[in-house]
Amino acid sequence: AKEHGRNRLQYHIHRPDAAGVMPLSEQEELRSAIGAKQFFLEYQPQVDVASGRIVGLEALVRWRHPRHGMMPPGQFIPLAEESGLIIPLGLFVLNEACRQAKEWQVMGLPPLTIAVNVSARQFGDPALAAHVTEALEASGLEPQWLELELTESTLMHDVPRGLHVMQALKALGVRLSIDDFGTGYSSLAALKTFPFDRLKMDRSFVEALPRDETTVAIASAVISLARRLRLAVVAEGVETDEQLEFLRQAQCHDAQGFYFSRPVGPGEIAKILARAGD
Ligand code: C2E
Ligand code: CA
Ligand code: CA
Ligand code: CA
């Protein structure tokens, strides 16, 4: 894992070894961290490009590790997937995101879609739809405010089952988005096959806008394709004025990225929303 960049190494937990076996101590650490409430959520705004209004928030999990400090999800989600601990962790994320979204609504802040990432193993859990139902019921959040972000590889792994689960989730009234669009092997097949409401164009198609011609061509085509299919498009990883201006001209619906805000805690979000509501 050393080649993955120097600054990540400092807080690095060892990856599973070549045989894919995660040392028990790390599993135990992750397991007890869930019980010890060391996980919490940050939220990143999604902004309507035309109006500048905040229309949604993506919930992103963080681990406040007692010895290593703040750990980004890239360092523990793979371990959680591997060990199956993503199931209880994902349940925490789902319940906490719904609870928080409802709390903001009750505070009188403008209602927003809350987007929650669902990993492959969670999607494979037969109890997923029941867990979503429970999270909605426990929080009192209406289903149209919840969006589940799925990736292509999660779905294409078993297409008939993917369709079945997506239909069950749609029947609950929640929205479904395809995350990291364009990074998989069968992006167009996934669009053709599955009933998404929203498409999240991966950051790699936003980064080089507007100077790289190939990126411009791909991003424009993805946006118009999504519009033709009546999917809302969210551009991920927007960092500059120039990128935003390009997206505005290309009629991309929404944008998310450091340009607007980094992922921040619920207190900061409440302040941002209160300002936006004035
Ligand atoms: P993702 O779902 O693609 O989430 C977007 C990631 O891009 C976040 O990283 C976010 O902080 C980062 N990002 C947002 N705007 C910008 C930008 O303008 N520039 C750059 N360079 N990056 C930006 P984060 O929070 O580290 O999450 C990484 C990945 O971990 C997520 O990618 C997602 O796959 C996974 N993840 C995070 N939270 C959860 C969760 O609750 N459940 C599951 N299953 N996976 C999660
Ligand atoms: Ca996501
Ligand atoms: Ca993404
Ligand atoms: Ca990603």
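Only this structure's heavy atoms are used, side chains among them; waters, hydrogens and symmetry mates stay out. Numbers here simply count residues along the sequence, with the first being 1. Whatever order the structure lists them in is the order used to number ligands and atoms, beginning at 1. Here the structure is a predicted model, which means the values were calculated and not measured.
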Original post:
With a 4.0 Å heavy-atom cut-off (strictly under), which part of Gln44 contacts ligand 1: side chain, backbone, both or neither?
Top reply: side chain
Original post:
If you measure from CG on Leu155 to CZ on Arg161, what distance do you get to the nearest 0.5 Å?
Top reply: 10.0 Å
Original post:
Which of these, Ser261, Pro73, Ser119, Ala97, has its nearest heavy atom closest to atom 24 (P) of ligand 1?
Top reply: Pro73
Original post:
Can the ring centres of Phe39 and Phe76 be said to be less than 6.0 Å apart?
Top reply: yes
Subject >> Where ligand 1 meets Asp179 - atom numbers and elements under 4.0 angstrom, heavy-atom basis >> reply: 2 (O)
Original post:
Looking only at heavy atoms, is any part of Leu89 under 4.0 Å from ligand 1, and if so is it the side chain, the backbone, or both, or is it neither?
Top reply: neither
Subject >> Location of contacts on Asp180 toward ligand 1, heavy atoms closer than 4.0 Å >> reply: side chain
Original post:
Among Pro263, Gly257, Ala80, which one has a heavy atom closest to atom 11 (O) of ligand 1?
Top reply: Pro263
**OP:** Check the surroundings of atom CZ in Arg248: do more than 12 heavy atoms from other residues, nucleotides or ligands lie under 6.0 Å from it?
**Re:** yes
Original post:
Any idea which part of Gln256 is under 4.0 Å from ligand 1, heavy-atom wise: side chain, backbone, both or neither?
Top reply: neither
Subject >> By side chain to side chain donor-acceptor pair (under 3.5 Å) - contacts of Gln249 (at least two apart) >> reply: Glu245
Original post:
Are any of the N or O atoms of Asn117 closer than 3.5 Å to those of ligand 1?
Top reply: yes
**OP:** Mind checking side-chain contact (heavy atoms from CB on, under 4.5 Å) for Glu239 and listing every partner two or more places apart, or none if nothing turns up?
**Re:** Gln243, Phe258
Subject >> Glu239 neighbourhood, listing ligand 1 atoms whose heavy-atom distance to it stays under 4.0 Å >> reply: 17 (C), 18 (O), 19 (N), 20 (C), 21 (N)
Subject >> Mode of Glu58 contact toward ligand 1 - side chain, backbone, both, neither (heavy atoms, under 4.0 Å) >> reply: side chain
Original post:
Does Arg262 come within less than 4.0 Å of ligand 1, judged by its heavy atoms?
Top reply: no
**OP:** Can you measure from CD (Gln105) to CG (Leu273) and round to the nearest 0.5 angstrom?
**Re:** 11.0 Å
Original post:
Is ligand 1 under 4.0 Å from a heavy atom in the side chain of Val61, in the backbone, in both, or in neither?
Top reply: both
Original post:
Looking at Leu146, Val118, Val116, which one forms a side-chain contact (heavy atoms from CB on, under 4.5 Å) with Val132?
Top reply: Leu146
Subject >> Pair Gln44-Glu58, side-chain donor/acceptor within less than 3.5 Å >> reply: no
Subject >> Atoms of ligand 1, numbered as shown, that sit under 4.0 Å from any heavy atom of Glu236 >> reply: 3 (O)
Original post:
Do any nitrogen or oxygen atoms of Val93 come within less than 3.5 Å of a nitrogen or oxygen of ligand 1?
Top reply: no
Original post:
Any sub-3.5 Å donor-acceptor pair from Arg175's side-chain atoms to Thr113's backbone N or O?
Top reply: no
**OP:** Name all residues meeting the side chain to side chain donor-acceptor pair (under 3.5 Å) criterion together with Gln100; count only those two or more places apart in sequence or in a different chain, and write none if there are none.
**Re:** none
Subject >> Region of Glu42 engaging ligand 1 - heavy atom pairs below 4.0 Å >> reply: neither
Subject >> Arg62: numbered ligand 1 atoms lying under 4.0 Å from its heavy atoms >> reply: 25 (O)
Subject >> 3.0 Å shell around the Ca ion (ligand 2), exclusive bound, protein N/O/S atoms >> reply: 4
Original post:
Can you tell me if Glu81 and Ser119 form a side-chain donor-acceptor pair at under 3.5 Å?
Top reply: yes
**OP:** Output yes when Arg67 and Glu29 qualify as a salt bridge under the 4.0 Å nitrogen-oxygen rule, no when they do not.
**Re:** yes
Subject >> Nearest option to atom 45 (N) of ligand 1, as decided by whichever heavy atom of Leu41, Ile77, Ile86 sits closest >> reply: Ile77
Original post:
Is there a donor in the side chain of Thr183 and an acceptor in the side chain of Asp180, or the other way round, less than 3.5 Å apart?
Top reply: no
Subject >> Among Leu150, Leu60, Leu94, Ile77, the one residue meeting side-chain contact (heavy atoms from CB on, under 4.5 Å) with Asn117 >> reply: Leu60
